[in-house]
Amino acid sequence: MDLWQCSPIFGAMKTFIFNNFISKITKHQTVAVFSHVRPDGDCLGAQVGFSLWLQKNGIKASAFNEDELPENMHWLQEFFPIRKPSEAQLSEFDAFVVLDGNALHRFGDVAEKIADLGKPVYMIDHHPDPEDIYEEPISVVSASSTCELVYRLFAEHNIDQIDEPVAKALYLGLVTDTGSFQFDSVKPATLHAAADLLDRGRFTPNVITNKIYASRPLKQLKLLSMALETIETHAQGKIATITITQEMFTRTGTTNEDTEGFVQYPLSVEGVLACVLFREDEDRIKLSLRSQSDSIDVNKWARKFNGGGHKKAAGAHFVGTLKEAKKAVLKVGEEQL
Ligand SMILES: [Mn+2]
């Protein structure tokens, strides 16, 4: 059975995009693969899966990220090492690939220098509005995750190259970028990909989810409990907010990274269409926006505050106090209703 028949995203035209990408990239000898700064499960899983794909097809691959990996994803390094890049190294490579982001600045200071080298830069990503600098972009906004696109790359080329490490890495991105298969970006093709990865990698879903979700430090749950107290609804219950302050970080001994996933809680309140997480960082208010309704596009909303993302998930920031941020951000959100 052709799994891709199940999904309108993956029509004949997309096959063409993958084939062009494959025929061009396999002509290079040494390729550097970048995942975005403040890395998550999708960019790292895609990076490991794709670097292994290059290696299996005779291309020397190096994987780079400018930041530390989250602690619960260090196990990926057993499959493929991810190192910090240096500007001096860049000249060693024939080509570059950026994953799970479509603007070079998302990949850090070293990655931004790539544009000046005059060498081909490739991209695989599912965010809207890619920069116009890529040799051969695979840009599918309707895909659940970049890992789903890397899975598709294997499927278009030689699906039997998916072994246990590839399968586990790609499964990680499918789970984390879909809120454990809850978001409306999940299509039949997403679940077919997940099932096929479990089959080929010979593991059960909890092998990955235990590593990711059952390893929370207690202090993170203490922080969550304080944050949950701040949930409020606005606009007749259609918009919810949650707030994390510097004081909460101090009291619980936590940091910015410990708020991962918190934004889902206000979204789960009955009747809420969209929500905003306000996080008081050192120099700004970080905003995470989520929507579960077609009537609120959080990508548009975030763009009013120096950010962007997808229709249903986006990030932004506000310079000012928490109080000012709430007032300004809610005003823009309510205008969309
Ligand atoms: Mn992603």
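Nothing here was measured: the structure is a model prediction, and the numbers come from that model.
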Hey, does [Y] have a side-chain heavy atom less than 4.5 Å from the side chain of [X]?
| X | Y | value |
| --- | --- | --- |
| V175 | I212 | no |
| D67 | K84 | no |
| E148 | V140 | no |
| L322 | T243 | yes |
| S185 | S142 | no |
| L69 | L44 | yes |
| Y151 | I162 | yes |
| L54 | I25 | yes |

Taking the six-membered ring where the residue is Trp, are the ring centres of F64 and F93 under 6.0 Å apart?
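Yes, they do, as the ring centres are separated by less than 6.0 Å.
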
Please confirm whether the ring centroid of Y171 lies under 6.0 Å from the ring centroid of F203.
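Under 6.0 Å, so yes.
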
Please determine whether side chain to side chain contact (heavy atoms under 4.5 Å, CB included) holds for the pair V319 and N306, giving the CA-CA distance in whole Å, both sets of side-chain angles, and the decisive distance to 0.1 Å.
CA-CA 10 Å; V319 180; N306 320 296; 5.7 Å; no

Check whether the side chains of [X] and [Y] place a donor and an acceptor atom closer than 3.5 Å, and report yes or no.
| X | Y | answer |
| --- | --- | --- |
| H126 | S144 | no |
| S293 | S295 | yes |
| D100 | T146 | yes |
| H28 | Y122 | yes |
| S35 | N65 | yes |

Taking all atoms of both residues into account, what is the closest heavy-atom pair of K286 and D281, and its distance?
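It is CB-OD2, 3.6 Å.
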
Would you say [X]'s side chain and [Y]'s backbone share a donor-acceptor pair under 3.5 angstrom?
| X | Y | answer |
| --- | --- | --- |
| D42 | C147 | yes |
| D40 | C43 | yes |
| N102 | P128 | yes |
| Q89 | S86 | yes |
| Q29 | I59 | no |

Starting from the C-alpha separation in whole Å, work towards a yes-or-no answer on side chain to side chain contact (heavy atoms under 4.5 Å, CB included) for T204 and L198.
CA-CA 6 Å; T204 52; L198 294 172; 5.9 Å; no

Would [X] and [Y] pass as an ion pair if we require N to O under 4.0 Å?
| X | Y | result |
| --- | --- | --- |
| D184 | K312 | yes |
| E164 | R202 | no |
| E260 | R38 | no |
| K56 | D163 | yes |
| D109 | K113 | no |
| D94 | K27 | no |

Out of curiosity, does V141 fall in the hydrophobic cluster containing L149 (side-chain heavy atoms, cut-off under 4.5 Å, transitive links)?
no

Could you state whether L153 and L170 fall into the same hydrophobic cluster, counting links through intermediate Ile, Leu, Val, Met, Phe, Trp or Tyr residues with side-chain heavy atoms under 4.5 angstrom apart?
yes

Intermediate values then yes/no, side chain to side chain contact (heavy atoms under 4.5 Å, CB included), L172 and L174
CA-CA 6 Å; L172 169 68; L174 288 181; over 6 Å; no

Show, in sequence, the C-alpha distance, side-chain angles and deciding distance for D160 and R200, and conclude whether the salt bridge (charged side-chain N to carboxylate O under 4.0 Å, His left out) test is met.
CA-CA 8 Å; D160 292 328; R200 289 175 188 276; 3.2 Å; yes

cation_pi(R152, F18) dist<6.0 Å, angle<=45
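Ring-cation test returns yes.
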
Give me the ring orientation class for H157 and W53: parallel if the planes are under 30° apart, tilted from 30 to 60°, perpendicular past 60°.
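If you compare the ring of H157 with that of W53, the planes turn out perpendicular.
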
Applying ring pair (Phe, Tyr, Trp, His ring centres under 6.0 Å), can you list everything that pairs with H36, at least two apart in sequence or on another chain?
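H36 satisfies ring pair (Phe, Tyr, Trp, His ring centres under 6.0 Å) with no residue once adjacent residues are dropped.
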
